[in-house]
Number of protein chains: 2
Amino acid sequence: MMSDVPQSIPASVIRRLTAYLTRAQTLCAAGVEWVSSQELAEDLGLTSSTVRQDLTHLDFCGISRRGYQVAGLQAVLSRVLGGDTVWNMAVVGAGNIGKALALHREFSRRGFTICGLFDSDPKKIGKKVGGLTIQSIQALGPLARTRRVDIGVIAVPSAAAQSVADILVAARVRGLLNLTHVHLAAPRSVPVVEVRIVASLQELAHAISLVPCRPAR
Amino acid sequence: MMSDVPQSIPASVIRRLTAYLTRAQTLCAAGVEWVSSQELAEDLGLTSSTVRQDLTHLDFCGISRRGYQVAGLQAVLSRVLGGDTVWNMAVVGAGNIGKALALHREFSRRGFTICGLFDSDPKKIGKKVGGLTIQSIQALGPLARTRRVDIGVIAVPSAAAQSVADILVAARVRGLLNLTHVHLAAPRSVPVVEVRIVASLQELAHAISLVPCRPAR
DNA sequence: TAGATTGTTAATCGATTAACAATC
DNA sequence: TAGATTGTTAATCGATTAACAATC
């Protein structure tokens, strides 16, 4: 009867759970108490069936004729998505993207603390970005280890990405967020999530070219 | 026998095609002439079967025992992904992320030109970011129309995202890149691609917590 | 009660992988 | 020729959707 094995939720579902969480937070802030699968589906461009199916992965039940209690839903989603945990991040690459991430307030609000910003350019080292001082890549390995960095954010030029990933993995970082457009090799115990902005633009460009031209007015 | 209908390639395949393109460009620059599906698969963390299946969507054939000619593959992928076209973009929101995008060189290199940067904050209007002057949101609609903006990039606070999207759609923009964490409603003729960085971090955090702890050394 | 909405099962759909004949 | 690699078909796998009994 020992069925309490922590259920592994598929990545496709996890991505939607983050959307439900954001929505639940908004509804909660607006004082809404109950939400149905149908309403959530409309808000997020899904079917109600998908929403209900997704929420069965949670240790949380809706109520017939009322839907899901917003506050409870928010709490459960937050916990499943690691809301209780604070994650330590190191951002590598202090270019435009790296600096933007270092300054982005939304991260700390969600429990992701940036505890170091690194670059290989000697001219940048020592400069301040928000509350952080840019440090040398040489310092990355030792610091990631002593500061117990959980997540390495890779925002360097693509050519340097793999070597930075290797340094981070050797420093026992637990996961990588890859903002470059090259694939990173990492051991299976170190998950990698890719955020490919240029690829997203190309995907969008392709989708656009499939849409028949609209009339001139 | 009229089978030359422009095949609609699934989005899942398009995302990988962008990866093949990047890889082909790197190989081409390195002077490599041929690449097999097996090699591409290893480089990108896929199976050779997936690679071959994907490439059948292209008007391009490999050769038994040799693989795919890198230069040709690169050319065909570039064309399919809109490499011949130059896309006009407006970036809305001149916060950290918006500014980083405006300064990011990789976009223009890939055929995505930023022709305007907009913000609602009066204190920011008139300031220069790279070659661009920050303009008022009031100017967005008219300018998007007259400058024939193809793609609107939404990098404003989440609460303002939908209204910005509405302005862009009304100004006949053809597609939206959404960098906020809320879902955007848009007509089906205006494709929306979402780049959700915080959601990616949460996905990563969840993946990390599934990995059993490694021994202390 | 009547009816709306859940949780769940079964059906459908699409994407990935395996397998192999064709071929260079 | 022998053998490696393609293009393609069929099998598998997983994700989404439809349907509906249970229930509040």
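Lettering follows sequence order; numbering is per chain, from 1. The figures here come from the full heavy-atom set of this structure, side chains too, leaving out hydrogens, waters and symmetry mates.
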Asks: Nearest-Å distance, CG (B/Leu46) to C1' (C/dT17)?
Replies: 12 Å
Asks: Atom CZ of B/Arg66 and atom C1' of D/dT6: how far apart are they, to the nearest Å?
Replies: 13 Å
Asks: Describe the nucleic acid contact of B/Ser37 in one word from base, sugar-phosphate, nothing, applying a heavy-atom distance below 4.0 Å.
Replies: sugar-phosphate
Asks: Tell me which nucleotide among C/dT16, D/dA15, C/dG7 gets nearest to the side chain of A/Pro10.
Replies: D/dA15
Asks: Let me know, please, whether B/Ser64 or A/Arg52 comes out on the 5' side of the other along DNA chain D by nearest nucleotide.
Replies: B/Ser64
Asks: If you draw a 6.0 Å radius around CG in A/Asp84, do more than 12 non-hydrogen atoms from other residues or ligands fall strictly inside?
Replies: yes
Asks: Is any side-chain N or O of A/Arg65 closer than 4.0 Å to OP1 or OP2 of C/dA2?
Replies: no
Asks: Reading DNA chain D from 5' onward, which residue's closest nucleotide shows up sooner: A/Asp54 or A/Ile63?
Replies: A/Asp54
Asks: Does B/Ser12 contact C/dA15 through a side-chain donor or acceptor facing the base, at a distance under 3.5 Å?
Replies: no
Asks: Can you check whether A/Ala94's main-chain N or O pairs, donor with acceptor, with A/Asp119's side chain at less than 3.5 Å?
Replies: yes
Asks: Can you tell me the Watson-Crick or wobble partner of D/dT9, both distances under 3.5 angstrom?
Replies: C/dA18
Asks: Whole-Å distance between D/dC24 P and A/Trp34 CH2?
Replies: 12 Å
Asks: Check whether the side chain of B/Ser49 and the base of C/dA18 form a donor-acceptor pair under 3.5 Å.
Replies: yes
Asks: Please report, rounded to the nearest Å, how far the P atom of C/dA4 is from the CG atom of A/Leu40.
Replies: 19 Å
Asks: What integer distance in Å separates A/Glu42:CD from C/dT5:C1'?
Replies: 14 Å
Asks: Is there a donor N/O on one and an acceptor N/O on the other, under 3.5 Å, for the side chain of A/Gln53 and the base of D/dT17?
Replies: yes
Asks: Would you say a side-chain N or O of A/Thr50 is under 4.0 Å from OP1 or OP2 of D/dT16?
Replies: no
Asks: Go ahead and name the base partner of C/dC24; Watson-Crick or wobble counts if both distances stay under 3.5 Å, otherwise write none.
Replies: D/dG3
Asks: Would you say A/Gln162's side chain and A/Ala185's backbone share a donor-acceptor pair under 3.5 angstrom?
Replies: yes
Asks: Rounded to the nearest Å, what distance is computed from the CD atom of residue A/Gln69 to the P atom of nucleotide D/dC24?
Replies: 16 Å
Asks: Rounded to whole angstrom units, what separation is found between the CG atom of B/Leu58 and the P atom of D/dG7?
Replies: 10 Å
Asks: Using side-chain contact (heavy atoms from CB on, under 4.5 Å) as the criterion, point out the one residue from B/Val76, B/Leu81, B/Leu77, B/Val13 that pairs with B/Tyr20.
Replies: B/Leu77
Asks: Going by distance alone, is a donor N or O of one side chain under 3.5 Å from an acceptor N or O of the other, for A/Thr18 and B/Arg196?
Replies: yes
Asks: Using atom CD of A/Gln38 as one end and atom P of C/dT6 as the other, report the distance to the nearest whole Å.
Replies: 9 Å
